[in-house]
Number of protein chains: 2
Amino acid sequence: MKDVAARAGVGLKTVSRVVNEEPGVTPDTAARVQAAIDALGFRRNDSARLLRTRRTASVGLVLEDLADPFYAALSRAVEDVARSHGALLFTGSSAEDPRREQELVLAFCARRVDGLVVVPAGDDHRYLLPEIAAGVATVFVDRPAGRLDADVVLTDNAGGTREGVAHLIAHGHRRIGFIGDQPGIHTAGERLRGYREAMASAGLKVRPEWYAMGPTTPERVEAALDAMLGGAEPVTALFAGNNRVTVTAVRVLAGRPERIALVGFDDFELADVLDPAITVVAQDAPGIGRVAAQQLFRRLDGIVTDGASRTELPVRLIERGSAEFPPQQ
Amino acid sequence: MKDVAARAGVGLKTVSRVVNEEPGVTPDTAARVQAAIDALGFRRNDSARLLRTRRTASVGLVLEDLADPFYAALSRAVEDVARSHGALLFTGSSAEDPRREQELVLAFCARRVDGLVVVPAGDDHRYLLPEIAAGVATVFVDRPAGRLDADVVLTDNAGGTREGVAHLIAHGHRRIGFIGDQPGIHTAGERLRGYREAMASAGLKVRPEWYAMGPTTPERVEAALDAMLGGAEPVTALFAGNNRVTVTAVRVLAGRPERIALVGFDDFELADVLDPAITVVAQDAPGIGRVAAQQLFRRLDGIVTDGASRTELPVRLIERGSAEFPPQQ
DNA sequence: CTGAAAGCGCTTACAG
DNA sequence: CTGAAAGCGCTTACAG
């Protein structure tokens, strides 16, 4: 910029005015400056600009795994909102590791992002207190923060699961299994709660081998299914706690003789083309991303200044065939 | 930092030394500085640091759509490589709009990212020349840049398609259709070329209604299929040019009486669980992301300094049942 | 309409 | 071992 000013024979401020299209420059001077800019190939350094401006026009997004379809859809929605507000997006995957999440979040804060959208891993996010105090707007998404009062946007996990399990009960099922994600994950716990509540309010007992929580690896899902189907009172229906579990359950059940009714939490591509097509409790991945990002920018723009908000988005039961039949045993 | 220095009664440079864990500070002074840091809740501003250092330790990733499973997997691989090099990742979706791509890329460059990984949209990337000249390392991925000589990492699109079409021919098919993405997209053109070459080398003619290029919307794919199946010489097999097309083709074919052999380019989740399971030419999405990012850092670290490289990753034909039968008409 | 000075929050190159 | 000065590339607040 100094070079441009020198070449055009003007002051730094005049160059700045031209670059930022500020008024109050004679066309003549402006043209001279522009010529110098072109000749020197000058490109404004936004990092320097933002240092002075004290806004970085960037947002950090931390989630579990960028490659998971649910989070991929969520990311895209956050990106679109950020773009519409002129902000760039840093992204990072925590891989469900609280330490890695913290590293990412603090790295973003050290770059002085204006705000954060975080799918929290772990159960203690007090490490964010100094950052929030320093003015970093933060919205949690998909799960609430641990030990921290902050904005959160999530799906009605317990209610959605109640609806799905009640759907199975309405079709005559009494012995219903539930396979969920690791118990420490908030959504997993909420969905388990929904399952228990639906069973209880129908007056149904729940045997210990009917529900299983843990990593969503094929091996574990298969083992859990074996236990549910092999016991004294085998289940006739299964509620799958997330789309990873559903996909594996479909694969495992395809190789088994029993015909088990299935409802999955979270929709997934091709669920409608499978045979049978899979009935799901669909959540709105782009929706929660969009709502979270909008809340973030409402805070950044000072439109919202009150205490932490909690937004719960509804789910939608989509009947496709995998659950709409009575017990087969 | 100034406040910390004042409170600890030391110079700025000493605070800098403590913050960066540089040697040459007495434990006593270090402790005093650390106390001031804690008391004031000081957090280093990396943006300022990087302004001085002239490295931003960040990389920009521009792709078509963060929510597409192929690009989501690619992104995650790029992210992992970036992390292992201590760099943060900016991401943005071009939505296949060259103008939007350019906006994103130039915005990243204005932040002075160290490097770029770009899935190019459009056919002219000369707008990047000044940036590359200014030292921004750039690697293209999935498709080569237009009118620009730069590193590129891609899948063997023509070869993979030849292999897939030859597979159909080997099972006795002679009338084979091809549905691809918009003709302006490099991968789409290459795959069409592979289709033509495979047909030609088997001495088979290609009727105009047997191939169709365009947006991968369900409507268009269905219309193209109708044309292929309704003509005087209906196809007995289809090669789907990408996973969006394959998914729609599966859906459309499920509602039709004909039994059409199908091979898809690019694998997708649940392809193995469909009935029939879908035979695909699988490309390695994380692989091309990883290789591209590694090439980027080799340039950034000065390990590679020679001219533009072109890396082509092999594909893998996975036989699953949708293509392993003779013509049904 | 234009520009010199000060400053954003750090690090570099140097001297003590 | 420690620190004052200059500078990274820009903008702000001001004066002319």
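Lettering of chains follows the sequences in order, A, B, ..., and the numbering in each one begins at 1.
When rounded to the nearest whole Å, the span between CG of B:Asn45 and P of C:dT11 equals 10 Å. Distance, A:Arg112 CZ to C:dG9 C1': 9 Å, rounded to whole Å. Following rounding to the nearest Å, A:Met1 (CE) and C:dA4 (C1') show an atom-to-atom distance of 13 Å. With rounding to whole Å, A:Leu12 atom CG is found 15 Å from C:dT2 atom P. Between B:Ile37 atom CD1 and C:dC10 atom P the separation is 10 Å, expressed in whole Å. The nearest whole Å value for the distance from the CZ atom in B:Arg111 to the P atom in D:dG9 is 17 Å. Straight-line distance from the CG atom of B:Asp28 to the P atom of D:dT2: 8 Å, rounded to whole Å. Look at CZ on A:Arg17: it is 13 Å from P on D:dA13, rounded to the nearest Å.
A close approach under 4.0 Å does occur between a side-chain nitrogen or oxygen of B:Thr14 and OP1 or OP2 of D:dG3. In terms of phosphate contacts, B:Thr26 brings a side-chain nitrogen or oxygen within less than 4.0 Å of OP1 or OP2 of D:dT2. Taking side-chain N and O atoms only, A:Arg49 has no distance below 4.0 Å to OP1 or OP2 of C:dC8.
Comparing A:Lys2 and A:Thr53 along DNA chain D, the residue whose closest nucleotide (by nearest heavy atom) sits nearer the 5' end is A:Lys2. With DNA chain C read from its 5' end, the first of the two nearest nucleotides for B:Ala48 and B:Glu22 is the one closest to B:Ala48.
Checking D:dG7, D:dG3, C:dT2 against the side-chain heavy atoms of B:Arg52 singles out D:dG7 as nearest. With distances taken from any side-chain atom of B:Lys13 to the nucleotides D:dT11, C:dT12, D:dC8, the minimum falls on C:dT12.
A salt bridge does not link A:Arg44 with A:Glu21: none of the charged nitrogens is closer than 4.0 Å to a carboxylate oxygen. Looking at A:Glu79 and A:Arg83, a side-chain N of the basic residue comes within less than 4.0 Å of a carboxylate O on the acidic one, giving a salt bridge. The residues B:Arg290 and B:Asp80 are annotated as not salt-bridged, no charged nitrogen and carboxylate oxygen being separated by less than 4.0 angstrom.
Of the N and O atoms on the side chains of B:Gln102 and B:Arg99, not one donor lies less than 3.5 Å from an acceptor on the other residue.
Among the atoms of the strands shown, none is found under 4.0 Å from any heavy atom of B:Val19. Residue contacts shown for A:Thr29 are limited to sugar-phosphate atoms, with no base heavy atom under 4.0 Å away. No engagement by B:Asp46 is indicated, since no non-hydrogen atom pair under 4.0 Å with the nucleic acid exists.
With a cut-off of 3.5 Å on both pairing distances, the Watson-Crick or G-U wobble partner of D:dA15 is C:dT2.
The main-chain N or O of B:Arg111 is found under 3.5 Å from a side-chain atom of A:Ser47 such that the two form a donor-acceptor pair.
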